[in-house]
Amino acid sequence: DAGVTQSPTHLIKTRGQQVTLRCSPKSGHDTVSWYQQALGQGPQFIFQYYEEEERQRGNFPDRFSGHQFPNYSSELNVNALLLGDSALYLCASSLFAGGPRNEQFFGPGTRLTVL
Amino acid sequence: GIQVEQSPPDLILQEGANSTLRCNFSDSVNNLQWFHQNPWGQLINLFYIPSGTKQNGRLSATTVATERYSLLYISSSQTTDSGVYFCAVERRDTGANSKLTFGKGITLSVRP
């Protein structure tokens with residue numbers, strides 16, 4: 001049973017550049033959520049995708065955008081990178097309207113460094 | 001939004017000792033999960049426990065939803081238990097899936 005996968009593992013960019021991160025959900029899951037984790041903090045919710053639509057969004061600017069593909073995989077795009085965007089980006093998968101159990105499973109993360 | 005507080009922020013134990021990690025939340029929740037984050041950043045699912053008590057080996061957890069807290073118990077701690085423990089809750093305001101709100105985490109160090 002394949003778990004949640006993310007790529008790349010690490011990424012170094014400079015200010016002003018754009019970045020795309022990728023996530024494949026756990027087998028059987030249809031919903032992908034993205035989180036940003038700054039050093040020493042808990043993960044913060046960015047947005048969630050289901051049926052190729054953004055269903056919920058956290059308190060992040062429009063520079064953060066996403067996409068979900070028909071195979072449920074997802075991309076996170078960040079434009080005009082700032083130093084403060086340096087963080088661990090985590091992807092989580094779950095079942096939408098999953099009934100009594102709505103557990104989220106996380107990938108290994110992508111560590112983004114902005115110089 | 002919902003607030004999640006974890007305590008203590010840091011915990012140092014001698015191998016073999018027991019510990020209790022606490023998570024308080026400010027509103028009723030549909031979902032509560034405990035995670036262990038390893039040094040490489042991977043969040044490992046420990047418990048899905050919106051209410052009640054569960055046990056898995058040396059770990060157990062209890063959530064008292066009416067009093068808005070959850071406890072994670074670690075018995076006979078091992079050095080491999082070291083890392084950051086997160087509590088995360090979901091309040092499903094608008095139906096179906098919603099976001100997880102995390103606490104700031106508890107950093108556990110188990111000394112040999």
Proximity breakdown for A:Tyr50 and chain B, heavy-atom pairs closer than 4.5 Å: neither
A:Tyr72 ring center near A:Tyr49 ring center (under 6.0 Å): no
Region of B:Gln6 that comes under 4.5 Å of a non-hydrogen atom in chain A: neither
Residue pair B:Leu43 / A:Leu90, side-chain heavy-atom distance below 4.5 Å: yes
Contact winner vs chain B - A:Gln41, A:Arg55, A:Arg111, A:Gln37, heavy-atom pairs under 4.5 Å: A:Gln37
Winner by heavy-atom pair count (cut-off under 4.5 Å) against chain A, out of B:Gln37, B:Gln42, B:Lys104: B:Gln42
Enclosure of A:Lys13 NZ (heavy-atom neighbours >12, cutoff 6.0 Å): yes
Cationic tip of B:Lys54 above B:Phe47 ring, under 6.0 Å, 45° of axis: no
Steps toward side-chain contact (heavy atoms from CB on, under 4.5 Å) verdict (A:Asn77, A:Gln18): CA-CA 7 Å; A:Asn77 301 293; A:Gln18 179 263 344; 3.7 Å; yes
Among A:Gly42, A:Gly109, A:Pro43, residue most engaged with chain B (heavy-atom pairs, under 4.5 Å): A:Pro43
